[in-house]
Each structure stands twice: as C-alpha cells, then as structure tokens.
Amino acid sequence: LQYFAIPTLFIPLPTARNNEQFHNAQVLSKQQAAIILQQEQISKDELMTKLSELHQNKNKIKQKLKQYKSEIKLNASENIYKILKETSKL
C-alpha cells in the first residue's frame, strides 16, 4: 500500500500477536500517511468519520506515501540471503 501510495484506513486485529498489526499501521499513522481505527471503536458513525477523513485528506496522504517510497526496501529476501551468506563465511 505504501509503495503504490494508496491512502489506507487500517483496522488492526486486536487478537494479533503482540498487537503487531496496530504497531505496523502506527508507523504510517504517526507520519499522517494512513488512518487507524481500532476494532473496539468501530461504530457506523466512527467508520463514516474515518472514511470521510481519509477521503478529505487523500491527496495529502498520497503525497506523504510517495515521500516514503524511497525508504522501502525491495528484494528483502534476497538482501537477507546475501547478509546471511556473508556472515556465515566468518
């Protein structure tokens, strides 16, 4: 979603181990590049409010996401393999 600059409303699962979905979504939310709605807070009104917020700020959110695109690490598995291969030669 970040790579393609798609404005997103995250609704993390509260049952996720170590609340990892919330923490991952929070990275973008803190940068005003996504919106989070906790499942405990879901109501028709709150969902509509968050969707409206997402729609009203979509251009700003897209711009923020595009700024962070350069920080995305591509080919992560390949890079991890290379690091492990190099360190195993020690």
Side-chain angles (χ1 to χ4, degrees):
L1 298 171
Q2 183 180 2
Y3 183 81
F4 292 106
I6 298 172
T8 305
L9 171 62
F10 289 105
I11 304 175
L13 290 171
T15 56
R17 196 177 92 208
N18 299 323
N19 209 13
E20 60 197 22
Q21 289 187 357
F22 172 77
H23 294 296
N24 289 335
Q26 196 175 36
V27 171
L28 292 177
S29 178
K30 283 183 176 182
Q31 302 298 322
Q32 298 177 339
I35 296 173
I36 300 174
L37 175 60
Q38 296 281 10
Q39 280 194 11
E40 308 87 51
Q41 299 171 330
I42 290 181
S43 68
K44 179 182 174 184
D45 292 337
E46 190 61 26
L47 181 59
M48 293 307 295
T49 297
K50 294 292 185 180
L51 289 172
S52 177
E53 182 182 339
L54 185 69
H55 179 70
Q56 290 173 0
N57 295 304
K58 68 181 175 185
N59 291 331
K60 182 175 86 172
I61 292 171
K62 282 182 181 183
Q63 186 176 15
K64 289 273 188 184
L65 290 168
K66 286 177 183 178
Q67 290 173 358
Y68 300 120
K69 186 175 183 177
S70 64
E71 297 175 18
I72 296 173
K73 305 290 185 223
L74 300 177
N75 303 320
S77 60
E78 187 176 312
N79 292 334
I80 291 169
Y81 172 77
K82 287 178 184 177
I83 291 169
L84 291 173
K85 188 175 179 182
E86 289 173 11
T87 58
S88 68
K89 291 180 183 178
L90 298 176

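The basis for the numbers below is simple: all heavy atoms, side chains too, and nothing from hydrogens, waters or symmetry mates.
- Closest approach of A5 to P7, counting heavy atoms only: O-CD, 3.4 Å.
- Remark: K82 pairs with E78 by the salt bridge (charged side-chain N to carboxylate O under 4.0 Å, His left out) rule, at least two apart or across chains.
- With sequence neighbours left out, E40 forms a salt bridge (charged side-chain N to carboxylate O under 4.0 Å, His left out) with no residue at all.
- The hydrophobic cluster containing L84, built from Ile/Leu/Val/Met/Phe/Trp/Tyr side-chain heavy atoms closer than 4.5 Å, also comprises I80.
- Scanning for side-chain contact (heavy atoms from CB on, under 4.5 Å) contacts around Y3 gives K69, I72, L74, with sequence neighbours left out.
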Could you pull out every donor-acceptor pair under 3.5 Å between side chains of residues 10-39 and any protein atom, sequence neighbours left out?
from : atom 1 : to  : atom 2 : distance (Å)
Q21  : OE1    : L13 : N      : 2.7
N24  : ND2    : E20 : O      : 3.2
Q31  : OE1    : Y68 : OH     : 2.8

Using atom types as modelled, flag every donor-acceptor pair under 3.5 Å from a side chain in residues 46-59 to any protein atom, sequence neighbours excluded.
from : atom 1 : to  : atom 2 : distance (Å)
T49  : OG1    : D45 : O      : 2.8
S52  : OG     : Q56 : NE2    : 3.3
N57  : ND2    : E53 : O      : 2.9

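- Cluster annotation: I83 and Y81 are assigned to distinct hydrophobic clusters (Ile/Leu/Val/Met/Phe/Trp/Tyr, side-chain heavy-atom contacts under 4.5 Å, transitive).
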